[in-house]
Amino acid sequence: MAKIEMKTPLVEMDGDEMTRILWKMIKDELLLPYIDLKTEYYDLGLSYRNETDDQVTLDSAEATKKYGVAVKCATITPNGARMDEYHLKEMWKSPNGTIRAALDGTVFRTPIVVKGIEPCVRNWEKPITLARHAYGDVYKNTEIKVNGPGKAELVFTDEAGNETRELIHNFTGAGIIQGMHNTEKSIESFARACFNYALDTKQDLWFATKDTISKKYDHTFKDIFQEIFDGEYKDKFDQAGIEYFYTLIDDAVARVMKAKGGFIWACKNYDGDVMSDMVSSAFGSLAMMTSVLVSPSGVYEYEAAHGTVQRHYYKHLKGEETSTNSVATIFAWTGALRKRGELDGIKELMEFADRLEKATIATIESGRMTKDLALITSLKDVTVLNSENFIKEIRKTLEEM
Ligand code: NAP
Ligand code: MG
């Protein structure tokens, strides 16, 4: 059978540890035999980031802006231990943070639902998609540890030199201070990304903040969403038969637990960080979650939501067998290939992506899966596979289809 041809290359961002091993297996077994794969390759493995003073990360983000679609492997965010392990020149920043800042996007995460892996929350019948604002707030904070009494103030100086001051606190002893920000531009693009995604997927959109307490900061998020919705999206939502619903974050959390699912939950950056881990683990596992960064300019970066699975990698290095779940990484590839096919008008590429996802799900539903899923499945007579054999079984299913 002739391989599927591509027009525009995907931006391929390779990564670290166990996911780097899976990356190669997925390409060799599931992609290269079927697609004349065109990629522009960037090695975001920590060694090469260090060698290039992290320039490779910036270059990969620029390439994503140029070509429009990227697929990213999980990468190490260095900490103290990694400084020694990889002899780093600097504690390089999180590549995800760098790429998100460059693309100014919103991250959408949706659980991959399979029969036999039921969510812990019994009433969740459909997936809940989390839309996480990927810029600012506590992730771009400035902090001071106060050692003794004194006055803390918030000061803004405009371009003409006028100052606005607000008292934060008169300290009578030691304490802590934090300053953070967001921009109207970023919040507006977050709002539009969410409204567009809701229309694309025909699902209701929920958004929540703590605007009763944070009367200027969070209230601005609420107001911007409402203005953009009323001005640009209300009619389109009516036509699509979907709703935009705003509430307080604590009310949203309570309602989510009682809901049936099948909607998009938009969260500010920190809420999204925390809630996406809750939603994904309740649906099964981080390895059963798709994740895509959508920028306001219409650029897409597909990734797995989990990390580099370090513990498995060390086992792998010792020659021991691993059973690492490659589903999220496979779906990062299928998401990117489908989008590339859509943008370039290559139907075969889109159909291949659908088929590979179906084959992956069918393999699990037939009882062949990795250990993490075997531990939580309700299926009987399960075969636990190692990392490589799971991917090979998916290939068999794909061939049968
Ligand atoms: P992790 O890689 O997500 O793994 C944590 C644990 O979750 C694993 O030890 C494993 O549990 C389980 N797990 C995660 N993914 C799995 C998979 N695909 N299949 C089976 N089990 C899976 O998080 P981490 O160990 O805290 O972080 C490792 C590195 O990843 C860090 O250097 C961090 O900076 C980086 N990281 C990268 C990203 C990203 O690039 N997207 C995101 C988060 C973290 P068991 O050990 O119990 O089997
Ligand atoms: Mg997190």
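Numbering of residues begins at 1 and proceeds along the displayed sequence. Counting starts at 1 for both ligands and their atoms, following the listed order. As a basis for the values below, the full set of heavy atoms in this structure was taken, side chains included, without hydrogen atoms, waters or symmetry mates.
- Remark: Met13 CE to Ile99 CD1 distance equals 4.0 Å, nearest 0.5 Å.
- Around ligand 1 you find Lys72, Ala74, Thr75, Ile76, Thr77, Arg82, Asn96, Ala287, Ala304, His306, Gly307, Thr308, Val309, Arg311, His312, Thr324, Asn325, Asp372, each with a heavy-atom distance below 4.0 Å.
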For this session: Evaluate side chain to side chain donor-acceptor pair (under 3.5 Å) for Thr64 paired with Glu301, printing each intermediate quantity in order.
Result: CA-CA 8 Å; Thr64 306; Glu301 184 241 313; over 6 Å; no

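- Taking the six-membered ring for Trp and the full ring otherwise, the centers of Tyr246 and Phe225 sit at least 6.0 Å from each other.
- Between Phe237 and Tyr233, the two ring planes are perpendicular [angle over 60°; tilted spans 30° to 60°].
- With sequence neighbours excluded, no residue satisfies salt bridge (Lys or Arg N to Asp or Glu O under 4.0 Å) with Asp54.
- Atom CE of Met288 sits about 8.0 Å away from atom CD1 of Ile376, to the nearest 0.5 Å.
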